[in-house]
Amino acid sequence: MRQQCHVLYYLILSTIGAALIIILSWLESSKTNNILVIEKQVIGGVFIISCIFGIIFALKPNRMQRSIKRISLNADKPQPSPEKIEYQGHHPDCEPFRNHTITIQNKIYCAGCNGLALGSIISILLMSIYIVFPKEISHPFLYLFIILGMVLIVLNFIEIVIPTKNAYLHLILNVLLVISFFLIITGIFHLTGSMVYGISGILLSFLWLDTRIQLSNWRHTSICNNCSESCKAY
């Protein structure tokens with residue numbers, strides 16, 4: 001129950017953040033905004049650095065999980081000894097978690113984490129192109145960026161709550177999640193011509209990503225709680 005309330009709290013905050021982005025993009029949009037190259041470089045640089053950290057965390061999830069467990073809601077819950085649970089792609093090696101991993105050249109990887117890493121790489125390339133792109137982007141396309149980005153975030157959340165059994169679809173949606181951040185950030189920044197709103201878009205992207213992580217943790221806990229086996233990884 002406590003974890004459910006925690007997840008609901010994140011979902012409410014994420015919804016408020018999305019509503020703010022939509023309202024600001026509409027009210028604060030300017031037809032005469034002149035965005036300086038240095039401003040694009042600052043916003044793009046912060047986003048790219050964030051993506052690089054995202055790649056590191058996505059490729060080293062076990063290190064991140066050890067840090068999270070120290071402050072998790074279930075910190076007082078007895079944890080199973082490592083020797084009782086086999087892990088593949090940092091998920092328990094059991095049937096309920098089979099659709100969380102993918103196999104590439106006989107190696108097992110986490111579909112979600114690798115999707116986030118791949119999405120971060122693609123988003124870095126897209127942001128690099130945006131930084132050096134000399135032309136203005138028309139407002140209809142910018143509004144489309146924001147709307148499409150929001151839709152992709154919602155689809156990602158829905159896929160976690162109502163999980164698919166296709167690990168590759170899970171991977172693709174996680175790729176698109178990071179790309180949605182790029183779309184929303186460039187959309188709000190270019191529409192308003194304000195670095196403050198651009199940075200705000202980056203901060204809200206962290207909130208949406210954290211909400212996705214909280215949903216994922218809740219889903220993993222639900223899987224373990226509904227399992228008849230005595231081992232409980234979450």
Side-chain angles (χ1 to χ4, degrees), residues 1-35 39-40 42-51 53-54 57 73 112 115-116 119-120 122-123 126-127 130 136-164 170 172-219 222:
M1 179 61 73
R2 187 180 178 186
Q3 189 179 31
Q4 290 178 346
C5 292
H6 191 70
V7 170
L8 181 60
Y9 170 75
Y10 268 88
L11 285 172
I12 292 172
L13 285 180
S14 293
T15 302
I16 293 173
L20 285 175
I21 287 290
I22 293 173
I23 293 171
L24 289 173
S25 65
W26 180 261
L27 296 180
E28 299 296 328
S29 63
S30 172
K31 294 182 179 179
T32 59
N33 56 18
N34 294 315
I35 298 177
E39 293 176 327
K40 292 175 68 175
V42 171
I43 296 297
V46 173
F47 179 76
I48 288 173
I49 291 172
S50 300
C51 285
F53 277 106
F57 283 129
L73 292 173
L116 292 173
S120 296
I122 295 173
S123 296
L126 291 173
M127 184 59 80
Y130 168 74
E136 291 292 318
I137 305 173
S138 63
H139 279 208
F141 280 106
L142 295 172
Y143 285 120
L144 181 61
F145 282 5
I146 294 176
I147 293 172
L148 180 58
M150 295 296 180
V151 170
L152 292 175
I153 291 174
V154 171
L155 288 176
N156 204 282
F157 289 175
I158 291 175
E159 190 269 336
I160 296 175
V161 176
I162 309 174
T164 176
H170 184 58
I172 291 171
L173 285 173
N174 278 275
V175 170
L176 295 176
L177 178 64
V178 187
I179 294 176
S180 73
F181 299 157
F182 163 77
L183 293 174
I184 293 171
I185 292 166
T186 53
I188 188 68
F189 171 57
H190 223 81
L191 277 170
T192 62
S194 170
M195 282 183 58
V196 173
Y197 292 137
I199 296 295
S200 298
I202 294 175
L203 294 176
L204 284 172
S205 295
F206 279 106
L207 172 62
W208 293 323
L209 178 60
D210 200 14
T211 301
R212 180 248 178 245
I213 293 172
Q214 298 301 324
L215 279 169
S216 183
N217 289 339
W218 166 77
R219 183 61 190 172
S222 298

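Heavy-atom basis, side chains included; hydrogens, waters and symmetry copies ignored.
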Pairs of donor and acceptor atoms involving the side chains of residues 15-25, under 3.5 Å and at least two apart or interchain, shall be tabulated with distances.
unit_1: Thr15; atom_1: OG1; unit_2: Leu11; atom_2: O; d: 2.8
unit_1: Ser25; atom_1: OG; unit_2: Ile21; atom_2: O; d: 3.1
unit_1: Ser25; atom_1: OG; unit_2: Ile22; atom_2: O; d: 2.7

Please confirm whether the backbone N or O of [Y] pairs with a side-chain atom of [X], one donor and one acceptor, at under 3.5 Å?
X	Y	answer
Ser180	Leu177	yes
Asn156	Leu173	yes
Ser216	Arg212	no
Trp208	Ile153	no

Please name the pair of heavy atoms, one in [X] and one in [Y], separated by the smallest distance, quoted to 0.1 Å.
X	Y	value
Val7	Gln214	CG2-O, 3.7 Å
Val178	Cys51	CG1-SG, 4.4 Å
Leu13	Leu207	O-CD2, 3.6 Å
Ile185	Ile188	O-CG2, 3.4 Å

- prompt: Does His190 have its ring centroid less than 6.0 Å away from the ring centroid of Tyr130?
  reply: yes
Determine whether [X] and [Y] make a side-chain contact, defined as any pair of heavy atoms from C-beta on separated by less than 4.5 Å.
X	Y	result
Val46	Ile199	yes
Leu191	Tyr197	no
Ser205	Ile184	no
Phe181	Ser123	no
Ile43	Phe47	no
Phe189	Lys40	yes

field: With Leu126, the side chain to side chain contact (heavy atoms under 4.5 Å, CB included) member among Leu183, Ile179, Thr186
entry: Ile179
message: Under the criterion side chain to side chain contact (heavy atoms under 4.5 Å, CB included), I'd like the reasoning laid out for Val161 against Arg219: C-alpha separation, chi angles, the key distance, then a yes or no.
response: CA-CA 7 Å; Val161 176; Arg219 183 61 190 172; over 6 Å; no
task: Supply the atom-to-atom distance Thr211 OG1 to Phe157 CZ, rounded to the nearest 0.5 angstrom.
output: 5.0 Å
